[in-house]
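Okay, so here's the structure we're looking at.
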Amino acid sequence: MKTIILTLVMVATSMTTIAQNFENAHDAVSHMGIGWNLGNTLESCNYDKEGLIERTTDCSVRAYETAWGQPQATRELMHKMAEAGFKTIRVPVTWYPHMDAEDNIDAAWMDRVEEVVNYVLDEGMYCVINVHHDAGDKPSCWLKADMDRFDEINSRFVKLWQQIATRFNKYGERLIFEGWGEIIDKYGAWIFPKDSLAFEACNRLAQSFVSTVRHSGGNNASRNLMLCTYSAATGGYYMHDGQVGYSDGALAEFRFPEDSADDHLIASVHSYIPWNWDQNHARLTEKHIEEIRQTFEKFDKYILSRNMPLVIGEYGALFCDGVYAQEGPITDEDQEEGAKYTRLMVEEGTKRGISLLYFMGLIDKEDRVRLEWSRPKTVEAIIETYNKAKNE
């Protein structure tokens, strides 16, 4: 009996030692550097349970993964990203189409998520997985910052993260969990909530996320975890009932929950500021540039000054990249403007120690199969600007 007890203690001590040796959040963000989102892939969905995918396909893993026009992710694609100099891949994942009535995750879907995670990690990059379009403004988005339904939402949220965290609890420090992508209130309000209790709901869900992961065993005791602001917002103009307001509340009200691990939490935002600046072949103006710089000054004020490491989980020139459709073909001048925007973002972020993860655009659709860049000028801008800023 004493031998069994001693063995259990030694195992527990070994697991604790492994977890305690994980790099802290500040070091992780520094090493995450520049990255890319594997967009429109594992987060693809209908926003309902009886949509086009369910009506027209066999509802297989492949059917969901390719539903938004992208091919299935491959090991070769991840090798190309790493070889180019990218250090992090964020893998957005939508879970609700793959959960049964008791919120158990389909085994085949979980297996595929793990397979893609391994593609990334095997290349020596960091991998971020999250709960993506389970949150948002569509009817199917059940994960809301809603105190009226908090117990119901929280129960489902906890069960989901228990399953994800348990599946990956033996993985090393380069796997990072992000609690959610863009969570909003019950009114569907972006940037700043209409519901005055939404920030409280966000904070309580964040605590549930951290506590659930920490209690899931193994290396999750010290895994680095990412937490988004309300709607992943950076502040700015919002509209409630036709009335326009301005608030930096999403940043000002953001806080880390209590955590049993010291310095293993990371703040996350999405920055598409100025919104739609590149729509219909528009150009980056001095006013746009100033707005971008002011946004980084907000990060200084509200996040970095509180000693919170920061990741910009999404940014990009969505029209220049063809992620959003616009009139006429994308021109060389459009691509030059996108690269110009990217240089500014990477320069401002890198000199502050912020990791920046580009959203799609760089290599999409058939280019992922051919392993050819869709936006080579933007890729070059990211890599060159990052390397220059790191060496200054």
Side-chain angles (χ1 to χ4, degrees), residues 27-39 41 70 73-92 119-128 174 176 268-273 277-278 284 289 292-293 295-296 299 309-323 330-392:
D27 287 344
V29 170
S30 176
H31 297 151
M32 289 169 70
I34 46 174
W36 177 71
N37 279 260
L38 183 68
T41 306
Q70 299 291 346
T74 63
R75 186 177 298 278
E76 291 76 17
L77 174 62
M78 295 307 142
H79 178 72
K80 182 175 180 66
M81 302 305 297
E83 190 175 47
F86 289 94
K87 300 178 182 301
T88 302
I89 303 295
R90 180 172 177 256
V91 181
Y119 292 163
V120 177
L121 297 178
D122 288 348
E123 293 296 331
M125 295 185 289
Y126 287 80
C127 184
V128 179
R174 285 181 290 109
I176 295 172
S268 179
V269 297
H270 298 169
S271 185
Y272 294 105
I273 302 296
W277 69 267
D278 56 334
L284 194 68
I289 292 170
I292 290 170
R293 289 188 169 135
T295 299
F296 279 95
F299 299 155
L310 178 62
V311 170
I312 299 178
E314 295 182 16
Y315 76 105
L318 299 177
F319 289 96
C320 290
D321 290 339
V323 177
I330 298 169
T331 66
D332 287 343
E333 290 76 15
D334 292 332
Q335 295 185 54
E336 289 286 359
E337 287 297 300
K340 180 180 177 181
Y341 155 85
T342 302
R343 288 189 191 96
L344 179 60
M345 289 291 294
V346 175
E347 179 183 6
E348 291 291 330
T350 303
K351 71 183 183 183
R352 290 173 166 83
I354 298 170
S355 172
L356 303 97
L357 313 182
Y358 202 88
F359 189 76
M360 293 187 59
L362 305 181
I363 182 167
D364 283 321
K365 297 184 178 178
E366 62 273 10
D367 287 337
R368 293 190 187 179
V369 178
R370 293 194 297 251
L371 299 179
E372 297 177 359
W373 298 118
S374 305
R375 296 292 176 261
K377 293 179 181 179
T378 301
V379 172
E380 181 181 16
I382 293 171
I383 302 298
E384 288 188 352
T385 306
Y386 173 75
N387 289 334
K388 180 181 178 181
K390 286 292 284 186
N391 292 326
E392 288 181 349

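Both backbone and side-chain heavy atoms feed into the values below; hydrogens, waters and symmetry mates do not. The structure presented is a predicted model; accordingly, all values stated were derived computationally and were not measured. Nothing fancy with the numbering, it's 1 onward along the sequence.
- Not one N or O on the side chain of Asp122 forms a donor-acceptor pair closer than 3.5 Å with the backbone of Tyr119.
- At least one donor-acceptor pair closer than 3.5 Å links the side chain of Lys80 to the backbone N or O of Leu371.
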- Would Glu348 and Arg352 count as a salt bridge (charged side-chain N to carboxylate O under 4.0 Å, His left out) if you check the C-alpha gap in whole Å, the side-chain angles of each, and the deciding distance to 0.1 Å? CA-CA 7 Å; Glu348 291 291 330; Arg352 290 173 166 83; 2.7 Å; yes
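- Of the residues Leu310, Val311, Thr350, Thr342, the one that meets the side chain to side chain contact (heavy atoms under 4.5 Å, CB included) test with Leu356 is Thr350.
- Between Ile382 and Trp36, the closest side-chain pair of non-hydrogen atoms is not below 4.5 Å.
- In this structure, Phe359 has its ring center at least 6.0 angstrom away from the ring center of Tyr315.
- Exactly one of Arg368, Glu366, Lys365 qualifies for a side chain to side chain donor-acceptor pair (under 3.5 Å) with Gln70. That residue is Arg368.
- With Thr88 contributing its side chain and Met32 its backbone, the two residues share a donor-acceptor pair below 3.5 Å.
- Using a distance-only test at 3.5 Å, with no hydrogens or angles considered, a donor-acceptor pair links the side chain of Tyr358 to the main chain of Ala317.
- Without hydrogens or angle criteria, Ser374 side chain to Asp364 main chain gives a donor-acceptor distance under 3.5 Å.
- Checked by atom type, the side-chain pair Asp334/Thr331 shows a donor-acceptor distance below 3.5 Å.
- Under the 3.5 Å distance criterion, the side-chain polar atoms of Arg375 are left unmatched by any main-chain donor or acceptor of Gly361.
- Checked by atom type and distance alone, the side chain of Thr295 never pairs as donor or acceptor with a backbone atom of Arg293 at under 3.5 Å.
- The closest side-chain heavy-atom distance from Met81 to Ile363 is below 4.5 Å.
- Within a 6.0 Å sphere centred on NZ of Lys388, heavy atoms belonging to other residues, nucleotides or ligands number 12 at most.
- Looking at Tyr272, its side chain never comes within 3.5 Å of a backbone N or O of Gly316 through a donor-acceptor pair.
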